[in-house]
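First the proteins, then the strands, lettered A, B, ... as listed; each starts at 1.
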Amino acid sequence: MSTHEPLARAYEPAAVEAKWFPRWEEAGNFHGAPNPDKKAYSIVIPPPNVTGILTLGHVLNNTLQDILCRYHRMKGEEVCWFPGTDHAGIATEARVEKYLRKEENTGRDELGREEFIRRVWQWKGEFGGKIIRQLRTLGCSCDWERERFTMDEGLSNAVRKVFVELYRKGYIYRGQRMINWCPVAKSALSDEEVIYKDVAGKFYHFRYPLSDGSGYLVVATTRPETMFGDTAVAVNPADERYKHLIGRTVKLPLTDREIPIIADEHADPTKGTGCVKITPAHDPNDFEVGKRHNLEVINVMNPDATLNSRAGEQFEGLDRFAARELCVKLLTEQGLVEKIEEIRHAVGYSERGDVPIETLVSYQWFCNMKELAKPAIEAVKSGRIKFYPERWSKTYFHWMENIQDWCISRQIWWGHRIPAWYNDDNGEVYVGLEAPTAPGRWRQEEDVLDTWFSSWLWPFSIMGWPEETPELRYFYPTCDLVTGPDIIFFWVARMIMAGCEFMKEVPFRNVYFTSIIRDEQGRKLSKSLGNSPDPLDVIATYGADALRFTIVYIAPVGMDIRYSNEKCEIGKTFANKLWNACRFRQMQGDVSAEFRELPPELVAKLSGDERWMLAKLDAAIDSVNTAIAEFRFHSAAHEIYDLVWTSFCDWFIEAEKVPMRSGGAEKERALAVLDYALYRILRLLHPFMPFITEELAHQMGFLADGETIMYQPYPERDACAAADPAELDRIDGKFELVRGGRFLKASYNLPDGKKVRFFIKAVDADARAFLESEKASLMSLMNAEGIEFSLADYDPAVHGAAPSQVCRLGTVYLPLADLIDVAAEKSRLEKQKKELEGWIAGSRAKLSNERFLAKAPENVVADARAKLAEMEEKLARTVELLSSLG
RNA sequence: GGGCGAUUAGCUCAGUUGGUUAGAGCGUUUGCUUUACACGCAAAAUGUCGGGGGUUCGAGUCCCUCAUCGCCCACCA
């Protein structure tokens, strides 16, 4: 059956990985389609920005999704993983603007709206979606035929429909409100797009002279340049210090305006001087104060955060930071600066622009979220949607229960243009799917929608909504969502709201929040720090399988990951280990016919080692299935790693070399079990390391050309070789003796390969009979040329002095009369004796404690008794050994 | 200010509902071309599980408290 070339000595992933992906794709293995005979399993990819390139965050995120998809596919479900990209309004617009500026020295302003948008599409066609190609390198089994983009026609329809519906429901409205303004994007932002940074700043205390010349008030501010927008000074009505000033006016420095001193609760007498300058246009609190007192709202800034004409000739056109310096300089000259304190304070930054945002008043479109949030809160409360780790639901509830109106309009061009039209003749506003047909001079809203206003529809817009497609009926709601906790508000919460509102059904059942990847020092990965490895380089060095496996293997549950490229050695060496296990098997001859299932007559003849291996395999299979069901991916990876490396390679293969050497039926049986185990291992591992497992399944002859491991059944516990615990324990006892013997050799620095003779005193006749039956195995595993079994004590007078190891099936001696260091051996045994005595004392104390006996469960007490007896036996033998050394 | 998380071997981390003498990988030390694998094999060493208190027959695990570090939200004229 095996017609393959012998496996190379070391695994080289590059060629293998490059080979399989196109084959899978061409064979349509990734395609999912409604199939009433199968259970549906679907995932939507968190759409990466169309400008994006693959980062380690994507690697983790998409590896986990791929594991889930491949797992469910092997479980026989109809799997569809919907891929696509996000148009990422502000980010893309900035990116293309930069590109045009560099390449053609042109840009937005020169090109105009229509042409600019055309150029963005052109850029997208040429450079966009790079990340989609990179995801293939990683092995992602998305249904690539279904790739979508948030600005595709269908998805844009969905956006318009949702906008119109929410407008008609009265949730979406246009209004003048205080918003976050990004001077770089020159656009409004939502609250979520503002990140607060603790930065060094100055707290300026200025004197505002009373208009009547009778003195001054001191106000404190961190933003001197906004003073041109001051329209009052507030004091607390209960503040005795200033009561007499209420209703009077101060002269606003650097201007010719007089502004009133007003009484308002907002002024906190305990803070600063108790006097607050009120700038309604540039501070949310002041805006509220302004409304209460009917104050004028004076916006002193241009969209790019330079000052405008309201700041006066000297300041007009100055950048806000330059204006700040000039303000302080002029006020200092006028003797109006009381003091300047150095402080650290939180300043809101634009997430994309990475500059301080301005809060200012402007006309924007908003969506009232209160009603939308209600069913979405309920969906998580009731458990219809589950979060993993569960604690994120607390974050979710807190945000949802205090949800604010969402500012959805952006003053950029790249995005979904808001389907609202203004009639310049009569001021009428029309909102609809298409332009109004009523007569008049209609002008469409210039603004576009927040990118997330399309992303929140992703789980159903990607399936064709608002059309009633078969995909929607079959694959919606999706099953699992895998994403980072950083977008729980931006995306996850909003998708749940949109699903409940427009589909009347939650968009997914489970949300798994991944870890955040950091470098070895715990810093976030970022381009500017230069600590963000390119996954493509990592794949070139270690292989995609190795990267996938490693990142899952090292990802702690619900915590940040400390990543470094060197850690990919874990995955790389593991792949190589598996490769060589197969290589070894291949060198023993062709694959057995029984690799899929062991026939009963063969099962009846299995050796203890073989049943031990099958038991280990079953236990691992159970653990892996449970772990995946609970999204404990790293635990599954560890389980498989340990199964392959320790149980299969270190013990089982080594043990099976004995029956394989003996040839004939023994060998046949050994090879059948090896094949059976290997094929199960390959399938168990496939979701984690898709390439190497597919390659080996073919190289070994488990699969024929045209077949794929992707659609072979995922291993389930196999009752064919139900394990007898007593037998498994005996096999473990044998391995313990092997370790004992190896230890003795190592203690005397004997080369591991040196043939020696051991003496084993068994604890009883049963143990002796079992060990004698395992003689060949023991000799092989301990590299011995002879073993003498006995029930009688070891006699140094006959065999010479010997170091020994006390094990549960017996004591193993290594007769080395001329080499033994009696003093060292005695001290080692003394140490062991002391440890045992300590343990026994503790155990006896516990067992003589009546409350322990009364309250502890029976099995715990029984175990303790058994263990104590064992330890006492071991102590007795240790004492004997000591006395035999004289 | 509110919330969440972390603190276990030199490093990075496991340790499901409390129940043997707390584990793994890397690193370190020693010895090895043994019928796959030096990307390997065999063996060894290293821990008052952050401090303190409590509950319990029994605590790395549950409760309280303190400390340090990190994240999120809110506020900061």
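- F490(A) is linked by a ring-ring contact (aromatic ring centres under 6.0 Å, His included) to W452(A), counting only residues two or more places apart in sequence or in another chain.
- Partners of K291(A) by salt bridge (charged side-chain N to carboxylate O under 4.0 Å, His left out), not counting sequence neighbours, listed by chain and number: E288(A).
- At a cut-off of 3.5 Å, with distance as the only test, a side-chain donor of D264(A) or H293(A) sits close to an acceptor on the other residue.
- Side chain R632(A) to base U16(B): no donor-acceptor pair is found below 3.5 Å.
- Using a 4.0 Å cut-off between a side-chain N of Lys or Arg and a carboxylate O of Asp or Glu, R808(A) and D729(A) qualify as a salt bridge.
- Listed by chain and residue number, K381(A) satisfy the salt bridge (charged side-chain N to carboxylate O under 4.0 Å, His left out) test with E401(A) (two or more places apart in sequence, or in another chain).
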Please produce a list of atom pairs where a protein N or O lies less than 3.5 Å from an N or O of nucleotides 4-12 of chain B.
{"residue": "C4(B)", "atom": "OP1", "partner": "K394(A)", "partner atom": "NZ", "Å": "2.9"}
{"residue": "U12(B)", "atom": "O2'", "partner": "K567(A)", "partner atom": "NZ", "Å": "3.2"}

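- Stems are defined here as 3 or more consecutive Watson-Crick or G-U wobble pairs with pairing distances under 3.5 Å; those involving RNA chain B are B:1-7 with B:67-73, B:10-13 with B:23-26, B:28-32 with B:40-44, B:50-54 with B:62-66.
- Residues K616(A) and T646(A) bring no donor and acceptor atom of their side chains to less than 3.5 Å of each other.
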Result block: side-chain N/O donor-acceptor pairs under 3.5 angstrom for residues 831-844 of chain A, not counting sequence neighbours:
{"residue": "Q832(A)", "atom": "NE2", "partner": "T878(A)", "partner atom": "OG1", "Å": "3.2"}
{"residue": "R844(A)", "atom": "NE", "partner": "E872(A)", "partner atom": "OE2", "Å": "3.1"}
{"residue": "R844(A)", "atom": "NH2", "partner": "E872(A)", "partner atom": "OE2", "Å": "2.4"}

What's touching nucleotides 30-33 of chain B from the protein side, N or O pairs under 3.5 Å?
{"residue": "U30(B)", "atom": "O2'", "partner": "N749(A)", "partner atom": "OD1", "Å": "3.1"}

What pairs of nitrogen or oxygen atoms, one from the protein and one from nucleotides 74-76 of chain B, lie under 3.5 Å apart?
{"residue": "C76(B)", "atom": "OP1", "partner": "N285(A)", "partner atom": "ND2", "Å": "2.1"}
{"residue": "C76(B)", "atom": "N4", "partner": "A346(A)", "partner atom": "O", "Å": "3.3"}

Please list every donor-acceptor pair under 3.5 Å in which a side-chain atom of residues 852-866 of chain A meets a protein atom from a residue at least two apart or in another chain.
none

When you compare the protein's N or O atoms with those of nucleotides 44-46 of chain B, which come within less than 3.5 Å of each other, and at what distance?
none

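- You'll find a donor-acceptor pair under 3.5 Å spanning the side chain of K577(A) and the base of C37(B), going by distance alone.
- Taking 4.0 angstrom as the limit, W645(A) places a side-chain polar atom (N or O) nearer than this to OP1 or OP2 of C41(B).
- Distances shown here put every side-chain N or O of K657(A) at or beyond 4.0 Å from the OP1 or OP2 atom of U34(B).
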Tabulate protein N/O versus nucleotide N/O from nucleotides 21-29 of chain B, keeping only pairs under 3.5 Å, one per line.
{"residue": "U21(B)", "atom": "OP1", "partner": "W839(A)", "partner atom": "NE1", "Å": "3.3"}
{"residue": "U21(B)", "atom": "O4'", "partner": "W839(A)", "partner atom": "NE1", "Å": "3.4"}
{"residue": "U21(B)", "atom": "N1", "partner": "W839(A)", "partner atom": "NE1", "Å": "3.1"}

Steps toward side-chain contact (heavy atoms from CB on, under 4.5 Å) verdict (M227(A), L331(A)): CA-CA 12 Å; M227(A) 66 181 289; L331(A) 289 174; 4.1 Å; yes

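- Identified under the salt bridge (charged side-chain N to carboxylate O under 4.0 Å, His left out) test for residues 557-579 of chain A, with sequence neighbours left out: R518(A)-D560(A).
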